[in-house]
Amino acid sequence: MRKKIVAGNWKMYTTTSAARQLAREVVAGVGNEQGVQVIVCPPFPYLGVVGEALQGSRVALGAQNAYCVREGAFTGEVSPAMLADVGCHYVILGHSERRHQLGESDELINKKVKLALDCGLKVILCVGETLQERESKQTSQVVERHLTTGIAGVAPAALAKVILAYEPVWAIGTGHTATPAQAQEVHAFLRSKVAALWSADGAAQMPILYGGSVKPANAAEIFQQPDVDGGLIGGASLKAADFLPIVQAGIG
Ligand code: 13P
């Protein structure tokens with residue numbers, strides 16, 4: 001049985017004090033719960049304070065991005081080795097905001113995935129189509145490309161450290177959640193592709209999260225789908241009062 005995962009992507013929000021407070025509230029709310037893996041991904045400058053607040057808790061620390069080189073003269077970039085060094089266990093890569101607003105290519109994302117895994121991080125690899133792509137019936141093609149190029153050249157042992165996140169671009173921050181059936185359809189398709197690229201066992205073990213306007217009111221219904229293993233939560237991860245009921249939905 002795959003354990004559910006609920007990850008908060010705080011994007012470019014919070015301040016030092018708000019990040020510390022939110023992390024403390026999440027820790028208190030999660031307590032000793034072992035039925036779900038909770039992850040929070042604050043902005044880079046707050047990894048330290050949030051990491052401190054998470055000490056001794058069951059909530060894991062993740063980052064929202066990493067560069068594709070371990071160290072060097074790359075002004076402004078952050079190495080996945082540094083993220084591991086400051087206590088991150090996870091990193092989100094291939095988020096649509098980075099693909100579409102910052103121009104990240106499939107090739108760049110693949111380099112980042114490989115290095116992050118090499119540095120000991122678990123990777124939350126995001127895939128997802130735009131509205132135009134969905135309307136022109138290219139959803140499968142696009143998510144398959146994101147998946148295939150994202151994990152190209154990753155050794156089977158390292159694939160066990162990859163978590164997929166299906167995030168339809170049209171559902172992110174819009175309030176238009178994919179229906180449970182739409183999410184399930186794409187998740188099942190992704191799992192079948194992982195089985196073909198890797199192995200049936202590997203595919204059965206790989207967590208596939210859904211992201212895009214997940215709220216307390218719709219989380220349970222989405223998480224109940226057989227191939228949905230939890231969520232990657234944006235807006236609703238910024239308030240413990242919204243995030244914790246979503247965590248609860250992950251416990252079932
Ligand atoms: P929202 O939950 O705000 O739609 O964001 C989803 C997302 O992009 C998580 O990575």
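As the structure lists them, so they are numbered: ligands from 1, and atoms in each ligand from 1.
The nearest heavy-atom contact from the protein to atom 2 (O) of ligand 1 is Gly234 N, 2.9 Å. The protein atom (non-hydrogen) at minimum distance from atom 3 (O) of ligand 1 is Gly235 N, 2.8 Å. Ranking the protein heavy atoms by distance from atom 5 (O) of ligand 1 puts Lys11 NZ, 3.2 Å first.
The SG atom of Cys119 lies 13.0 Å from the NZ atom of Lys112; values are rounded to the nearest 0.5 Å. Rounded to the nearest 0.5 angstrom, Gln34 CD and Arg58 CZ are separated by 3.5 Å.
Between Glu97 and ligand 1, no N or O atom pair is found at a separation short of 3.5 Å.
Comparing Cys41, Gly173, Gly8 by heavy-atom distance to atom 4 (O) of ligand 1, the nearest is Gly173.
Side-chain heavy-atom separations under 4.5 angstrom define the hydrophobic clusters, and the remaining members of the one that includes Ile92 are Ile5, Ile39, Tyr90, Ile124, Ile163, Leu209, Leu232.
Listed by atom number, the atoms of ligand 1 under 4.0 Å from Glu167 heavy atoms are 6 (C), 7 (C), 8 (O), 9 (C), 10 (O). Short contacts between ligand 1 and Asn9, defined as distances under 4.0 Å to a heavy atom of the residue, involve ligand atoms 9 (C), 10 (O).
Checked by atom type, the side-chain pair Glu129/Trp170 shows a donor-acceptor distance below 3.5 Å.
Under a 4.0 Å heavy-atom criterion, Ala171 is in contact with ligand 1. Not a single heavy atom of Ala236 sits under 4.0 Å from any atom of ligand 1.
Panel note: side chain Asn110, backbone Ala152; a donor-acceptor pair is recorded below 3.5 Å.
Side chains of Val169 and Arg99 form no contact here, defined as non-hydrogen atoms less than 4.5 Å apart.
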